[in-house]
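What follows is one structure encoded as structure tokens, with my remarks underneath.
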Amino acid sequence: MPKSRIRKKKDDTYSPPEKRQATKIDMRSGRRWVAPLMLAMFVIGLAWIVVYYVTQADLPVESLGNWNIVVGFGFIAIGFVVSTQWK
């Protein structure tokens with residue numbers, strides 16, 4: 001069986017790995033409105049649906065009937081859409 005080649009070692013001195021710069025996140029950017037708006041849409045949608053059920057379809061808008069549920073879920077969906085802008 002043939003002998004394997006012996007690898008030559010490079011220089012035996014230790015060189016530490018390069019230091020990486022930490023990425024600094026600026027929390028004061030122009031997106032401070034995202035979290036409050038997102039939470040507001042969630043709360044408004046939930047409150048709309050709860051009020052509809054508690055008042056037995058008399059409020060918030062009686063003429064909409066069962067579409068009040070769709071309106072409530074619409075506010076919640078808007079909250080999820082706004083949440084995609086959060087960094």
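Applying the side chain to side chain contact (heavy atoms under 4.5 Å, CB included) rule to Val61 yields the partners Trp48, Ser63, Leu64, Asn68; only residues at least two apart in sequence or on another chain are considered. Take Asn66 and apply the side chain to side chain contact (heavy atoms under 4.5 Å, CB included) test, not counting sequence neighbours, and it matches Tyr52. Residues forming a side chain to side chain contact (heavy atoms under 4.5 Å, CB included) with Ile76 (at least two apart in sequence, or on another chain): Phe42, Ile49, Phe73, Phe80.
In the hydrophobic clustering of this structure, Ile44 does not group with Val81; members are Ile, Leu, Val, Met, Phe, Trp, Tyr whose side-chain heavy atoms approach within less than 4.5 Å, directly or through other members. Under a hydrophobic clustering in which Ile, Leu, Val, Met, Phe, Trp and Tyr are joined whenever their side-chain heavy atoms come within less than 4.5 Å, directly or via other members, Tyr53 and Val70 fall into the same cluster. Each of Val54 and Ile69 belongs to its own hydrophobic cluster when Ile, Leu, Val, Met, Phe, Trp and Tyr are linked at side-chain heavy-atom distances under 4.5 angstrom.
A distance of 10.5 Å separates CE of Met38 from OG1 of Thr84, quoted to the nearest 0.5 Å. Expressed to the nearest 0.5 Å, how far OG of Ser83 lies from CD1 of Ile78 amounts to 12.0 Å.
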